[in-house]
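Read through the structure below, which is laid out as C-alpha cells, and then see the notes.
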Number of protein chains: 2
Amino acid sequence: MNSNPRLNAILIKIKKMGYSLTPQRLEIIKIISESKSHPSATDVYNKVKELYPMVSLNTIYKNLSMLASLHEVKEIKTMQDSVRYDGDISLHGHAICEKCGKIIDVEIDEFDFKGFFETKIKNKLDENYRIRNYGVEFYGLCGGCGKEDSPSKT
Amino acid sequence: MNSNPRLNAILIKIKKMGYSLTPQRLEIIKIISESKSHPSATDVYNKVKELYPMVSLNTIYKNLSMLASLHEVKEIKTMQDSVRYDGDISLHGHAICEKCGKIIDVEIDEFDFKGFFETKIKNKLDENYRIRNYGVEFYGLCGGCGKEDSPSKT
DNA sequence: TTATTATATAATAATAAATATTATATAAAA
DNA sequence: TTTTATATAATATTTATTATTATATAATAA
Ligand SMILES: [Mn+2]
Ligand SMILES: [Mn+2]
Ligand SMILES: [Zn+2]
Ligand SMILES: [Zn+2]
C-alpha cells in the first residue's frame, strides 16, 4: 500500500467496481489525489505526459469522467473556462478567481451545511427529489489579482 | 412604466450606464426578467425570434453577457450543458436536475448565508480577496426523472 | 501456456457552445 | 442633415468536450 488515503480509497473502489488498473489510470489517480490545485483535464494531461508521452487527452477525459461517476472526484464548472477536477471529495466550497482562475478551498461547517440542507432545502423540493451532489462557489478576485481594477477614481 | 419591477430596474440601469435601448434588447430584457425557467441563450433566442425573426444568436449572447456584467442577470453553469440565465438576482440557490436540466429555485435564508459567509469564509481568505458573486447548487434528479433509475434490484 | 474475449488507450474526427470578425443598420451627437 | 458611435446580423473561428475507430493491453477460458 502507500501513505495517501485518498489514493487507496480510489484504488479500492476501482477494484471493487471491476475496472482494471492500467499504468495511465494509476498515474491519473495519483495526480488527482495528490493535487491541491484543482487541475483541468489539460493540466492532468500535461502531467501524465511526463511519464507517458503518448497518452491521449481522450484517456484523461474518460478516466476523470469515470472517477466523477464513481463520486471519487468532483467536477467544478467555473465561469470562464474549462471544467476543473477535485480529488478532495470532503464537504467544502470554492473561492474562484475570475481573473487568474485560481481555486481555493473554502471550509464549510458540516453541521451548518447539513442543517441548512435538511431544514431549508429538502422540504422545499418534491419529496422524491434526489440530491446527489452540491456545489458552493464564491466568485471574485484573489489577493494577487484584485489590486488595481477599481474603476478609475480620478 | 410597467408593473414588472425587475424590468424597470434593468431599464434604469441600462439608461444610467448609457447603453441604448434597442427593440431586440428590450425584448431580451423582458424575456429574462419575466421567465422563471432559467433559460439558455438558445431558449432566449427562440423566444426573441417570435417577434424579430432575423435576430442573431450573437446579439443574444452579447446582451446576456452585458446584463451579467452589470449584475442584472446571473449565469448558472450546469454540469451537463450550456449556461443558463437567471433574471432573479435575489439571494437564492438552485436545484438542478441532471437528467432533464430543470432548474428549481431554492430559498436561502439571508441571515444564515451572510453569517456563514462572514464568519466561515471571509476570514479564511486573503484579506483583499474580493467576493463578487456566489453560487449554491444542488445536483440530482427531480421528481419526474428520479423514478426508475435505481440499479436493477432483481 | 495459448486462445478468446473484454476493456482501455491512442489517434483522429466530429460536435456544439461561445466568441470573434466584418459589414450593415440603427441610434446618438454635432 | 452630417458625422460618429453603438448595436445588430451574418458569418467564420475557436476550443473544450465527445464520439469513432483501430490498436493495444488486460482479464478470462481453454
Ligand atoms: Mn477543493
Ligand atoms: Mn433562480
Ligand atoms: Zn487571481
Ligand atoms: Zn428532471
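Order of the sequence lines sets the chain letters (A, B, ...), proteins ahead of strands, with each chain counted from 1. All of these numbers come straight from a predicted model, not from anything done at the bench. Heavy-atom basis, side chains included; hydrogens, waters and symmetry copies ignored.
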Next on the checklist: Do L64(B) and M79(A) land in one hydrophobic cluster if side-chain heavy atoms of ILVMFWY residues count as linked below 4.5 Å?
Outcome noted: no
Next on the checklist: How many whole angstroms separate atom CG of D43(B) from atom P of dA17(C)?
Outcome noted: 11 Å
Item to check | Any T59(B) side-chain N or O less than 4.0 Å from OP1/OP2 of dA9(D) | outcome: yes
Checklist entry - Does a donor on one side chain and an acceptor on the other come within less than 3.5 Å for H71(B) and N133(B)? => result no
Checklist entry - Does a side-chain N or O from Q24(A) land closer than 4.0 Å to OP1 or OP2 of dT25(D), or not? => result no
Next on the checklist: Expressed as a whole number of angstroms, how long is the span from K49(A):NZ to dA11(C):C1'?
Outcome noted: 13 Å
Next on the checklist: Please report the interatomic distance CD1(I96(B)) to SG(C142(B)), rounded to the nearest 0.5 Å.
Outcome noted: 12.5 Å
Item to check | Non-hydrogen atoms of V55(A) and Y45(A) that approach each other most closely | outcome: O-CE1, 3.3 Å
Checklist entry - Hey, are E34(B) and R6(B) close enough for a salt bridge, meaning a charged N less than 4.0 Å from a carboxylate O? => result no
Item to check | Sugar-phosphate or base contact per nucleotide [nucleotides 18-30 of chain C; S, B, -; heavy atom under 4.0 Å] | outcome: BBBB-----SS--
Next on the checklist: Let me spell it out: for each of P53(B) and R25(B), pick the nucleotide of DNA chain D with the closest heavy atom. Which residue's pick is nearer the 5' end?
Outcome noted: R25(B)
Checklist entry - Using the ring of each side chain (for Trp, its six-membered ring), is H94(A) parallel, tilted or perpendicular to H38(A), with breaks at 30° and 60°? => result perpendicular
Item to check | Atom-to-atom span, CG of L64(B) to P of dT8(D) - whole angstrom | outcome: 11 Å
Tabulate protein N/O versus nucleotide N/O from nucleotides 12-15 of chain D, keeping only pairs under 3.5 Å, one per line.
none

Next on the checklist: Less than 4.0 angstrom from a charged side-chain N to a carboxylate O is my criterion; do E27(A) and K47(A) meet it?
Outcome noted: no
Checklist entry - Ignoring hydrogens and geometry, is there a side-chain-to-backbone donor-acceptor pair from S65(B) to Y61(B) under 3.5 Å? => result yes
Item to check | Under 3.5 Å on both distances, the Watson-Crick or G-U partner of dA30(D) | outcome: dT1(C)
Next on the checklist: Side chains of S90(A) and D88(A): any donor to acceptor distance under 3.5 Å?
Outcome noted: yes
Checklist entry - How many Å lie between CD1 on I60(B) and P on dA10(D), as a whole number? => result 12 Å
